[in-house]
Amino acid sequence: MLRIHFTAEDLARVRIADAPDPLAETVLSLPLLQAGESAGVALGGWRERTRVGLQPQMRPLLELAPAGPGEYVPEAFVHAAATDLADSLDHTWSLPRVQWAADWLATRILRPAVPRWIHALHHGDRAWGELVRRQLHDYHALAIAPYWSQLVATAHTERVQRALATVGSGVEGLLGSLHPEIDWSPGVLSVPCDVDTDLELAGCGILLVPTFFCPRPLVLVDNADGGRPPVLRYPMARSLADCASVVAPGTGGTGEGLTALLGTTRARLLCAAQDPAGTTELARRTGTSPATASHHASVLRAAGLLTTCRDGSAVRHSLTPLGRALLDG
């Protein structure tokens, strides 16, 4: 059991991640892909579809994050770093060597029979690094990208619900309701762990990350940046139905579906806001008047798809995580 000790300063620095990290979801899905029915029937269809499309050259990834005895997901790949896969991969490969060395030490302890190529990867072998990075990109396109819009929308809903719960019950109420296997008693959060140990946050707080491909809570304490708080990942799906709905085939949207849902002008304006812009610029991009663009931006903002902030004397519109989820579909 890992006992995480909070001070009053730590409680004030509890945060919930804005959105899921695509690289973490990709790597954490690998053990579940290999686990079979023991990983839950709700993922059965996803496993079957993913295995059909799995290419032989992706096999090293199955050794990187195996299922069953010796299961260990390298922490270097699962830090909450970015909302874009390329950025998250860049972050991982830019980690200092001390981070990779610490990750290798943990890998050797938990997986005594780890393949030799993983040693080479952790010690900076360029060929293995390029191969793994390329295969992670291809596997993500197969196993994660088709469901990404629904996954992001679910994470956004989870974040909003947790925020509302915090308003009603405070941060301690939030920590006490994260997951059945996580226990909160005054000042101490207890999380399942392979070793019995204590962690003092010492004022740095903690980052909570709702994660889909995460069957049990996972704490990451070996961060690349000593100034970053520890990361606690916990399952975002609260039921079998929730889990199945995220990875159901055809959950992603289409351009036609977006237009049918929002109307032509609002769909075009939402697409135009992928690069944050003012009202006049959005009007130019969509071929409408500033007054029309302002009206539709207000509707999209009220629906939680756009956010608007003041930029000097003008305003700047940008997508919310939910708005980006619709477009990513």
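- When the side chain to side chain donor-acceptor pair (under 3.5 Å) test is applied to Gln135, no partner is found at least two apart in sequence or on another chain.
- Across Ala12 and Arg15, no two heavy atoms sit closer than the pair O-NH1, 3.1 Å.
- For Trp46 and Phe212, the ring centers are positioned 6.0 Å apart or more.
- The closest side-chain donor-acceptor pair between His317 and Thr279 falls under 3.5 angstrom.
- Ionic pairing of Arg3 and Asp183 is not present here: no N-O contact between side-chain nitrogen and carboxylate oxygen is shorter than 4.0 angstrom.
- Salt bridge status for Asp275 with Arg285: absent, with no side-chain N to carboxylate O gap under 4.0 Å.
- For residues 260-272, the pairs satisfying side chain to side chain donor-acceptor pair (under 3.5 Å) are Arg266-His296, with sequence neighbours left out.
- If you take CG on Leu220 and CZ on Arg233, they are separated by 6.5 Å, rounding to the nearest 0.5 Å.
- Counting heavy atoms from C-beta on, the side chains of Pro192 and Arg216 come closer than 4.5 Å.
- Under the rule for a ring-ring contact (aromatic ring centres under 6.0 Å, His included), the partners of Phe77 that lie at least two apart in sequence or sit in another chain are Trp93, Trp100.
- For the pair Ser88 (side chain) and Ala86 (backbone), a donor-acceptor distance under 3.5 Å is absent.
- Proximity of a side-chain donor or acceptor of His123 to a complementary backbone N or O of His119 within less than 3.5 Å is detected.
- The minimum heavy-atom distance between Val171 and Thr166, with the atom names listed, is N-CG2, 3.9 Å.
- As a member of the Ile/Leu/Val/Met/Phe/Trp/Tyr network built from side-chain separations under 4.5 Å, Val52 groups with nothing else and remains a singleton.
- Side chain of Glu25 to backbone of Phe213: a donor-acceptor contact under 3.5 angstrom is found.
- Taking every heavy atom of both residues into account, Thr26 and Pro22 meet most closely at OG1-O, 2.6 Å.
- In the model, Ser289 has a side-chain atom that pairs as donor or acceptor with a side-chain atom of Thr292 under 3.5 Å.
- With sequence neighbours excluded, no residue forms a ring-ring contact (aromatic ring centres under 6.0 Å, His included) with His5.
- Of the N and O atoms on the side chains of Tyr234 and Glu158, at least one donor lies less than 3.5 Å from an acceptor on the other residue.
- Between Leu28 and Thr211, the closest heavy-atom pair is CD1-CG2, 3.7 Å.
- No continuous path of hydrophobic side-chain contacts links Val299 to Leu322 [ILVMFWY only; heavy atoms under 4.5 Å].
- With no hydrogens or angles considered, a side-chain donor-acceptor pair links Glu63 and Trp117 at under 3.5 Å.
- Salt bridge annotation for Glu130-Arg133: absent, with no cationic side-chain nitrogen under 4.0 angstrom from a carboxylate oxygen.
- Glu75 places no side-chain N or O within 3.5 Å of a backbone atom of Ala106 that could act as its donor or acceptor partner.
- The heavy-atom pair separating Tyr147 from Arg49 by the smallest distance is OH-NE, 3.0 Å.
- One hydrophobic cluster, built from ILVMFWY side chains closer than 4.5 Å, cannot hold both Val315 and Leu306; they sit in different ones.
- The shortest heavy-atom contact between Pro74 and Asp103 is CB-OD2, 3.2 Å.
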Legend entry - Step-by-step side chain to side chain contact (heavy atoms under 4.5 Å, CB included) determination, Gln55 to Asp138: CA-CA 9 Å; Gln55 300 298 313; Asp138 292 346; over 6 Å; no

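- Without hydrogens or angle criteria, Arg13 side chain to Gly203 main chain gives a donor-acceptor distance under 3.5 Å.
- For Thr50 and Arg47, the side-chain atoms include no donor-acceptor pair closer than 3.5 Å.
- For Arg316, there are no salt bridge (charged side-chain N to carboxylate O under 4.0 Å, His left out) partners, not counting sequence neighbours.
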